[in-house]
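In the text below, chain A, chain B and the rest are named by the order of the sequence lines, each starting its count at 1.
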Amino acid sequence: MRVATWNVNSIRARLPRVLEFLERKKPDVVCLQETKCLDEQFPREPIEEQGYQIASFGQKTYNGVAILARQRIEDVIRGVGDAEDDREARVLCATVGDLVLVNLYVVNGQEVGAERYHYKLAWLGRLRTFLDHRIDKSEKVIVTGDFNITIDDRDVHDPERWREKILCSSAEREALANVMGWGLKDAFRKFHEEGGHYTWWDFRTLAFKKGWGLRIDHLLMSPAAFEACTNVEIDLDSRTGEKPSDHAPVIAELA
DNA sequence: ATGGTGGATTTTCCA
């Protein structure tokens, strides 16, 4: 089984790149973030023609998450069940075969100290509660998506420049560590101990060609999934060429 | 250069 996560920054703008990715990498499951459209605007047909089922939890203009899968998508949960949080479409859970997927687009937070930053930290606390109550950690659980948080300084191209900045602050990392404390490990680090691997490069600073990346897209796994995981790779080819997203996909292989 | 680019929708928000 190949499971991918990718912040596509608009599924409609990125459709040619997504179709090329499905063809080239043949993932069994893809968790998408920032689809940026209502469910009825989701370009289902070309994706279904490549053999995928689709579950989507979208909204107009912002946010939006979706799961694509070659097998039947079951037990879908849209949002975390909190009316205020679920005004933003950021969480979509489903089971595919023996995998439980929790697909996340975590709040960005704008800048350290901003109102949205405090919302981000509190949101992560409520996510932990959601996992506690709604997800069975004895299953092969993959909590994945755009976390908008680096786990440690190895995930940062220039740790001093980013010290205590948004996406890298201690409080964000502690809030993520609390989520991981539910029983999740970073599958990427099972195979790559060294720094220098990134998944997002800011459009605004033309960061990709300068190598100014951060690793903020993660595949966090319960013990059963982590044990079954045989590889994790970042698909840099999807970050080059015509109209790329600002994020690269990450793909995990499970036995 | 507290800038820059990109997407959706609009005359700006968000990243």
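The aromatic ring centroids of H197(A) and F188(A) lie less than 6.0 Å from each other.
Atom C1' of dG3(B) sits at a distance of 15 Å from the matching atom of dA15(B), rounded to the whole Å. The same atom, C1', is picked in dA1(B) and in dG7(B); the two are 24 Å apart, to the nearest Å. Across dT9(B) and dC13(B), the matching P atoms stand 16 Å from one another, rounded to whole Å.
In this model, the phosphate group of dC14(B) is not approached by any side-chain N or O of R116(A) to a distance below 4.0 Å at OP1 or OP2. Remark: S10(A) is in phosphate contact with dA8(B), judged by side-chain N or O atoms under 4.0 Å from OP1 or OP2. For dG7(B), the OP1/OP2 oxygens have a side-chain nitrogen or oxygen of K243(A) closer than 4.0 Å.
Here the P atom of nucleotide dT9(B) and the CG atom of N9(A) are 13 Å apart, to the nearest Å. Distance CD (E115(A)) to C1' (dC14(B)): 15 Å, rounded to an integer number of Å. Atom CZ of R204(A) is separated from atom P of dG4(B) by 12 Å (rounded to the nearest Å). Between the NZ atom of K36(A) and the P atom of dT9(B) there is a distance of 10 Å, rounded to whole Å. Distance, R14(A) CZ to dA15(B) P: 16 Å, rounded to whole Å. Between Y62(A) atom OH and dG7(B) atom P the separation is 15 Å, expressed in whole Å. Counting to the nearest Å, the C1' atom of dA8(B) and the CG atom of L38(A) are 12 Å from each other. Rounding to whole angstrom units, NZ of residue K60(A) and P of dT9(B) are separated by 6 Å.
Ranking dA15(B), dT5(B), dG4(B) by closeness to the L206(A) side chain, first place goes to dT5(B).
T61(A) comes within 4.0 angstrom of the backbone, heavy atoms only, and of no base. Here Y105(A) lies in heavy-atom contact (under 4.0 Å) with sugar-phosphate atoms only.
Criterion: ILVMFWY side-chain heavy atoms under 4.5 Å apart, direct or through other members. Under it, W182(A) and V80(A) are part of a common hydrophobic cluster.
Figure legend: cation-pi geometry between K36(A) and Y62(A) absent, as NZ or CZ is not positioned both under 6.0 Å from the six-membered ring centre and within 45° of its axis.
Residue E45(A) qualifies as open at atom CD: its count of foreign heavy atoms under 6.0 Å is 12 or below.
Take the nearest nucleotide of DNA chain B for N148(A) and for A13(A): the residue whose nucleotide is more 5' is A13(A). Along DNA chain B, the nucleotide closest to I11(A) and the one closest to H247(A) are compared, and the more 5′ of them pairs with I11(A).
Checking E164(A) against S170(A) by side-chain atom types alone, a donor-acceptor pair falls below 3.5 Å.
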